[in-house]
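Residue numbers start at 1 and run along the sequence shown.
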Amino acid sequence: VLKLCRSSRRGFVDKNEVILTNKEFDLLWFLASNPNKVITKDDISNAVNLSKLTLTLFTITIIILFILILGVIVFIHEFGHFITAKLSGMYVDEFSIGMGPLVFAKQIGETKYSLRLLPLGGFVRVLGEDVEEEERSGVEQIDVPSERRYQNRPVWQRIIFASAGSFMNMLSAIIIFALRFMIAGEA
C-alpha cells in the first residue's frame, strides 16, 4: 500500500520511503482524492495506461495538425503561382496539392485540379515551364497557342510567376499576425 505526503512530495509503503520522480508523484497525487487514500497496483497500472493513451492521442493530434497546417501553407504558396499564371494568360495544365500518387483529380476547363498522397508540397504545371519534361511525358501534344506558353511570356510575367508563391507566404504571415494583434491586442 502506497501513501503519499503532499507537503514533502514523498511516497511511503509501510513506513518505508519510496523514491518518486515529480511526474510519478503528480500522477499518483492526481489519482488520490485525499492524502490518506490507499492506492493499489491496479490504480497505478490504470494511470500508466491512461498516460500512454493520452500521449498517443496527443501525438496523433499533433501529426494531424502538422499535416493540415502544412497543407494550408502549401495551398497558399501554390495558389500564388496559379493565380499569377492565370492572370497573365499562361496555360495552367495542372494545379496540385501534395506529391506522389494521385488521390483525387477533377478537370475544370483547361486545368486539372489534383490532390496527391504526400502532403509535403505541391506544384502548378504551366506549359512551357519545363520543356524537356513535357517532351518526355508527351504534354507538348496539347494544342495551345504559343503565346500562352511560359517560355513565350514576357520576362516580367515569368518573374512575377516565379516569386508569387513566396510573396503569398509572406502576405499570409502578415495577415495572420495582423489578425492576431487585432483580436488579442499587444502580447
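- Between Phe161 and His81, the angle of the ring planes lies from 30° to 60°, which puts this pair in the tilted group.
- One distance of note links CZ of Phe104 with CD1 of Ile97; it measures 13.0 Å at 0.5 Å rounding.
- Here the side chain of Arg116 pairs a donor or acceptor atom with the backbone of Gly100 at under 3.5 angstrom.
- In this structure, the side chain of His77 does not engage the main chain of Asn169 through any donor-acceptor pair within 3.5 Å.
- Looking at Asn152, its side chain does come within 3.5 Å of a backbone N or O of Ser146 through a donor-acceptor pair.
- The line from CD1 of Ile63 to CZ of Phe58 is 10.5 Å long, rounded to the nearest 0.5 Å.
- How far CE of Met168 is from OG1 of Thr84: 9.0 Å, rounded to the nearest 0.5 Å.
- Within the structure, salt bridge (Lys or Arg N to Asp or Glu O under 4.0 Å) pairs that include any residue of residues 60-89 comprise Lys86-Glu110 (at least two apart or interchain).
- The CD1 atom of Ile64 sits 12.0 Å away from atom CD1 of Ile69, with the distance rounded to the nearest 0.5 Å.
- Side chain of Arg153 to main chain of Met90: no donor-acceptor pair is present (N/O by atom type, distance under 3.5 Å, no hydrogens or angles).
- A donor-acceptor contact shorter than 3.5 Å is absent between the side chain of Arg149 and the backbone of Leu127.
- A distance of 13.0 Å separates CD1 in Ile160 from CD1 in Ile83, rounded to the nearest 0.5 Å.
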Determine, stepwise, if the pair Phe75 / Phe95 fulfils side-chain contact (heavy atoms from CB on, under 4.5 Å). CA-CA 10 Å; Phe75 175 80; Phe95 174 80; 3.9 Å; yes

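- A search for side-chain hydrogen bond (donor to acceptor under 3.5 Å, both in side chains) contacts involving Ser172 returns nothing, not counting sequence neighbours.
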